[in-house]
There are 2 protein chains.
Amino acid sequence: MDAHDTLVAQRMRAFEELCRRQGTPVTVQRRVILEAVLASHDHPTADQIYDRICGRIPEISRTTVYRVLDTLVGLGMIGRAHHPGSAARFDAKTHRHHHLVCTSCRKMIDYETPELNDLPLPEPPFGFQVTDYSIQFMGLCPDCRAAAHGREDDSSA
Amino acid sequence: MDAHDTLVAQRMRAFEELCRRQGTPVTVQRRVILEAVLASHDHPTADQIYDRICGRIPEISRTTVYRVLDTLVGLGMIGRAHHPGSAARFDAKTHRHHHLVCTSCRKMIDYETPELNDLPLPEPPFGFQVTDYSIQFMGLCPDCRAAAHGREDDSSA
DNA sequence: CTCCGTGCAAAAGGTTTGCACTGGT
DNA sequence: ACCAGTGCAAACCTTTTGCACGGAG
């Protein structure tokens, strides 16, 4: 476990340094929430994080957990996973296909490519029986690319 | 557009036949909602579907839309897309990695395989600028597999 | 005719927002 | 000391649930 602890410690230091560089305050809440996420290996929801840190900061509010998680994602310290179930978006296609997702406007475009429909599935670990898969490509859609360029132009002008 | 219309018509007939086979009533609501999804190419939310069919069935309730969409997904007539944004699950990993998602208990397990981290990205269409990707493998986790087998045994016993 | 599906309304989450205060820099 | 971050409470939005009625098989 030393190796893992060391990694966490490194991430914490990286976080502190990042905050210092950006003038972002390093609060107790942020530290504890980040630690909680780093210690989790099961993709917790905001609410689960809240439950886990209640022992350490009993008076913390759910609101803060949401805000801090957002901040941490923004800083690139943690990732946001896309979980099915909370999805609630529907699709006429039922066959295998993939998606282009714009990280800016969240638009979702179907992406059908024969080449990606026969990936050599590696031996699934954990005894998982894989029946299908879908690839999400994250990026910038043309509209948001244009908008981003426009904004750059503005700042340089 | 004829080709597309024909496809939709085919799906509608398939739907009706499927319902007939299962003794599932073919209601106006189901038909209209299915048509709405088949006509959509933008991964609408339940609410967006609701808005789109309000013109055709003004007195329809949101509740019905949710229920019918669920039914249609269950029948395999439409798909459910996993959209980021409604996600709200967090992850200590910020590097490229993939997920095994259990379709039964919705558990989500990280899946790191070097072989899948350098997919030859095909030319992204629509001028989309891809910065990263993540693969979701859908299937049954060991626990749910065991549970399913147990149930089969029960029914056969 | 019998049931399932539907509509309404209300409940149940989960997430966001406004405002005053506390804590980090 | 200043400003951002936090806590509280309430708003908000999406989704689910209970019950009575109406339409489909």
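Residue numbers start from 1 in every chain, and the chains themselves are labelled A, B, ... in the order their sequence lines are given, proteins ahead of strands.
A/R62 has its CZ atom 13 Å from the C1' atom of D/dA9, to the nearest Å. Atom-to-atom, CD1 of A/I57 to P of D/dC8 comes out at 12 Å; the value is rounded to the nearest Å. Taking atom CZ on B/R31 and atom C1' on D/dG23, their separation rounds to 13 Å, with Å as the unit. What separates CD of A/E16 from P of C/dG24 is a distance of 13 Å, to the nearest Å. Taking atom CD1 of residue B/I33 and atom C1' of nucleotide C/dG5, one finds them 11 Å apart after rounding to whole Å. One interatomic measurement links the two molecules: CZ of A/F90 to P of D/dT14, which rounds to 13 Å at whole-angstrom precision. Atom pair A/Y66:OH and D/dA11:P shows a separation of 18 Å (rounding to whole Å applied). Between A/R80 atom CZ and C/dT15 atom C1' the separation is 11 Å, expressed in whole Å.
Using a 4.0 Å heavy-atom cutoff across all strands shown, B/R30 reaches sugar-phosphate atoms only and no base atom.
Nearest heavy atoms, B/Q29 versus B/I57: CA-CD1, 4.1 Å.
In terms of position on DNA chain C, the residue among B/I60 and B/G23 whose nearest nucleotide sits closer to the 5' end is B/G23. The nearest heavy atom of DNA chain D to A/V65 and to B/R67 marks one nucleotide each, and the one closer to the 5' end goes with A/V65.
Not one side-chain nitrogen or oxygen of A/Q29 sits closer than 4.0 Å to the OP1 or OP2 atom of C/dT22. For B/T27 and D/dA24, the shortest distance from a side-chain N or O to OP1 or OP2 is not below 4.0 Å. Phosphate contact (OP1/OP2 of C/dT6, side-chain N/O of B/S61, threshold under 4.0 Å): absent.
Taking the six-membered ring where the residue is Trp, the centroids of B/F137 and B/Y111 are separated by under 6.0 Å.
Counting only heavy atoms from C-beta on, A/T64 has its side chain closest to D/dG7 among D/dG7, D/dT15, D/dT16. Of the candidates C/dG7, D/dT6, C/dT6, D/dT6 carries the atom nearest the A/V68 side chain, counting heavy atoms from C-beta on.
Checked by distance alone, A/T24 brings no side-chain donor or acceptor within 3.5 Å of a matching partner on the base of D/dA4.
Residues A/F90 and B/Y66 do not share a hydrophobic cluster, defined by chaining ILVMFWY side chains whose heavy atoms lie under 4.5 Å apart. Note on B/V26: it clusters hydrophobically with B/I49, by side-chain heavy-atom contacts below 4.5 Å among ILVMFWY residues.
One finds no salt bridge joining A/E17 and A/R13 here, because no Lys/Arg side-chain nitrogen approaches an Asp/Glu carboxylate oxygen to under 4.0 Å.
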